[in-house]
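Structure, as structure tokens:
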Amino acid sequence: MSQVNLNLNGKEIILLGTAHVSRESCEEVKNAISEKKPSVVAIELDEQRYASLNDNEKWKNLDIIKVLKEKKGFLLLANLALASFQKRMGSNIGVKPGDEMRAGIDAAKELNIPCEMVDRPIQTTLRRAWAKNSAAGRVKLLSALLASAASNEEISGEEIENLKNKSEMDGMMSELANFMPGVKEVLIDERDFYLAAHIWETLQKDERTSCIAVLGAGHLQGVQSHLEKIAAGNESTDTKAISTLPKKKTSAKIIGWIIPILIIALIVAGFVWGGMKKGADLLGAWVFWNAALAGLGALIAGGHPLTVLMAAVGAPFTSLCPLVGVGIFAGIVQAFICKPKVIDMENVMDDVASIKGVYKNRLLRVLLVFFLSSVGSSIGTFVGGSQIVVSIVSFFKGLFS
């Protein structure tokens with residue numbers, strides 16, 4: 001096991017780096033806690049994930065329509081894909097995701113050692129990752145997660161254990177940073193600081209002198225660095241700035257409205273200076289590309305005919321409003337017509353791991369409709385907008401030449 005021993009200001013801290021679906025990690029965590037008997041055990045979980053570790057019924061209570069209305073469709077799909085990937089990795093060696101964390105919690109309980117959850121809430125992390133990404137970046141991230149979840153590649157126990165090695169982890173972190181730097185900042189860098197701050201704070205309670213922290217191996221180096229800075233007084237433990245959604249920049253809000261206003265202005269200009277035919281051509285291009293590609297996305301997702309119609313009719317309008325996307329409406333229509341059943345909720349983690357399962361599962365098909373109609377609408381906006389710009393520029397060039 002990757003392990004870092006620290007002695008900072010009289011406080012002994014042991015960072016245990018685990019692979020999240022490793023049988024060896026489970027045993028090593030139990031043994032380390034039993035041998036050291038620390039004042040407190042810190043776990044890389046938040047309270048919500050801790051509560052759901054043994055809750056197999058949580059999916060039965062999921063309200064998919066509420067999820068879409070709250071604009072959390074992308075987050076849920078990303079969360080499901082990531083969880084399915086971890087589950088598939090662990091299934092090859094008979095380990096469930098989170099077992100090493102559960103091992104730490106159980107070992108602490110057996111010895112009556114306080115156990116603290118020191119990670120940032122998963123919803124905050126995912127929402128910050130989403131907010132810091134462009135629309136293209138979000139699609140890129142979700143596509144990568146879905147591809148990983150649906151992959152049939154076998155992952156051996158040896159490969160999983162190698163994830164605890166510094167060289168293997170450094171390579172993965174470097175690859176993630178190059179592929180999606182914004183996501184790496186939120187998933188790794190911010191959480192390194194958050195974890196370190198909360199590990200340090202929990203050590204200050206009740207005159208505690210020692211702590212074992214059970215963390216994913218990828219966090220060891222960053223958490224160690226932050227702990228050393230905190231102990232030296234060079235860094236505070238205030239995590240408020242990374243515990244909320246980043247505020248959208250004014251410039252980004254303005255740009256979000258400039259594009260649809262520009263499209264409308266160009267279409268109006270076509271009517272005013274080019275007459276009914278030119279204006280109708282520009283309007284037709286906008287409606288056609290948005291409707292066709294959003295509807296095609298819903299169709300590819302296996303949406304009900306009324307869902308496809310909703311996507312096609314709604315896309316030309318929602319593309320002109322940055323506050324809402326057509327995927328939300330298409331997903332809600334799909335959920336109303338083909339309402340997910342309890343069995344869909346129960347099998348969601350297994351079904352998300354295969355294309356056949358995604359199309360069979362009504363809950364996942366709602367999310368797929370949401371995703372693909374949104375992607376189709378985005379592409380339609382780009383294609384239709386580009387055609388309008390090219391057409392109007394050519395028209396005015398001819399008019400004034």
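Along the sequence shown, the residues carry numbers beginning at 1.
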Worked verdict on Thr124 versus Thr244 for side chain to side chain contact (heavy atoms under 4.5 Å, CB included): CA-CA 7 Å; Thr124 300; Thr244 57; over 6 Å; no
Test Lys278 against Phe271 for side chain to side chain contact (heavy atoms under 4.5 Å, CB included), laying out the working first. CA-CA 6 Å; Lys278 187 63 181 178; Phe271 277 108; over 6 Å; no
Starting from the C-alpha separation in whole Å, work towards a yes-or-no answer on side chain to side chain contact (heavy atoms under 4.5 Å, CB included) for Trp286 and Ile267. CA-CA 9 Å; Trp286 177 258; Ile267 293 173; 4.3 Å; yes
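For Phe193, the CZ atom is densely surrounded, since the number of other residues' heavy atoms within 6.0 Å is greater than 12. For Ile343, the CD1 atom is loosely surrounded, since the number of other residues' heavy atoms within 6.0 Å does not exceed 12. For CD of Gln204, the number of neighbouring non-hydrogen atoms (other residues, nucleotides, ligands) closer than 6.0 Å is greater than 12. Environment of CZ in Phe382: sparse, with no more than 12 heavy atoms of neighbouring residues, nucleotides or ligands closer than 6.0 Å. Crowding of Lys36 atom NZ: a count of heavy atoms from other residues, nucleotides or ligands under 6.0 Å not exceeding 12.
Applying the salt bridge (charged side-chain N to carboxylate O under 4.0 Å, His left out) test to Glu116 and every residue at least two apart in sequence or in another chain returns Lys205, Arg208. Partners of Arg365 under the salt bridge (charged side-chain N to carboxylate O under 4.0 Å, His left out) rule, at least two apart in sequence or in another chain, do not exist in this structure. With sequence neighbours excluded, no residue forms a salt bridge (charged side-chain N to carboxylate O under 4.0 Å, His left out) with Lys109. With sequence neighbours left out, Leu372 forms a side-chain contact (heavy atoms from CB on, under 4.5 Å) with Ile300, Ala301, Leu368. For Arg120, the salt bridge (charged side-chain N to carboxylate O under 4.0 Å, His left out) partners are Glu190, not counting sequence neighbours.
A pairwise comparison of heavy atoms in Ser243 and Tyr194 identifies OG-CE1, 3.5 Å as the closest pair. When all heavy atoms are compared, the tightest approach of Ser2 to Leu220 is CB-CD1, 3.5 Å. Across every non-hydrogen atom of Leu364 and Val358, the tightest pair is CB-O, 3.7 Å. Shortest non-hydrogen contact noted between Val223 and Asp192 is CG2-O, 3.6 Å. Nearest heavy atoms, Lys30 versus Ala107: CA-CB, 4.2 Å. Of all the heavy atoms in Ala285 and Gln387, the pair that sits closest is CB-NE2, 3.5 Å.
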Pairs under 3.5 angstrom only: tabulate donor-acceptor contacts from the side chains of residues 311-322 to other protein residues two or more places apart or in another chain.
unit_1	atom_1	unit_2	atom_2	d
Thr318	OG1	Gly314	O	3.2
Thr318	OG1	Ala315	O	3.4
Thr318	OG1	Val326	N	3.4
Ser319	OG	Asn290	OD1	2.6
Ser319	OG	Ala315	O	2.8
Ser319	OG	Ser377	OG	3.0
Ser319	OG	Thr381	OG1	3.1

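Between His198 and Thr202, the closest side-chain pair of non-hydrogen atoms is not below 4.5 Å. Contact annotation: the side chain of Ile105 approaches that of Met117 to within less than 4.5 Å [non-hydrogen atoms, C-beta and beyond]. Under the 4.5 Å side-chain criterion, counting only non-hydrogen atoms from C-beta, Met101 is in contact with Val214. Counting heavy atoms from C-beta outward, Gln3 and Leu15 have side chains that stay 4.5 Å or more apart. Using a 4.5 Å heavy-atom cutoff, the side chains of Leu266 and Val389 are in contact. Residues Leu16 and Leu215 are not in side-chain contact: their nearest non-hydrogen atoms beyond the backbone lie 4.5 Å or more apart. Residues Ile43 and Val118 form no side-chain contact, since every pair of their non-hydrogen atoms from C-beta on lies 4.5 Å or further apart. At least one side-chain heavy atom of Phe329 sits under 4.5 Å from a side-chain heavy atom of Val324.
Judged by distance alone, with hydrogens and angles left aside, the side-chain atoms of Ser378 form a donor-acceptor pair with the main-chain N or O of Ser374 at under 3.5 Å. With hydrogens and angles disregarded, no donor-acceptor distance shorter than 3.5 Å links the side chain of Thr125 to the backbone of Leu187. Side chain of Asn31 to backbone of Glu27: a donor-acceptor contact under 3.5 angstrom is found. Panel note: side chain Asp46, backbone Asp119; no donor-acceptor pair is recorded below 3.5 Å. The closest donor-acceptor contact from the side chain of Gln334 to the backbone of His304 lies under 3.5 Å. Without hydrogens or angle criteria, Asn361 side chain to Leu363 main chain gives a donor-acceptor distance under 3.5 Å.
Here OG of Ser373 is found 11.5 Å from CG of Leu299. Values are rounded to the nearest 0.5 Å. Separating the CD1 atom in Ile113 from the OG atom in Ser39 is a distance of 8.5 Å, to the nearest 0.5 Å. The structure places NE2 of His226 at 10.5 Å from CD of Gln221, a figure rounded to the nearest 0.5 Å. Note that OG1 of Thr237 is 4.0 Å distant from CD of Glu201, once rounded to the nearest 0.5 Å. To the nearest 0.5 Å, the span separating CD1 on Ile14 from SG on Cys211 amounts to 9.0 Å. A distance of 9.0 Å separates CG of Asn5 from CD1 of Ile212, quoted to the nearest 0.5 Å.
Side-chain polar atoms of Ser210 and Lys37 form no donor-acceptor pair below 3.5 angstrom.
A salt bridge links Glu44 and Arg191; the closest N-O separation between the charged side-chain nitrogens and carboxylate oxygens is under 4.0 Å. A salt bridge links Asp281 and Lys277; the closest N-O separation between the charged side-chain nitrogens and carboxylate oxygens is under 4.0 Å.
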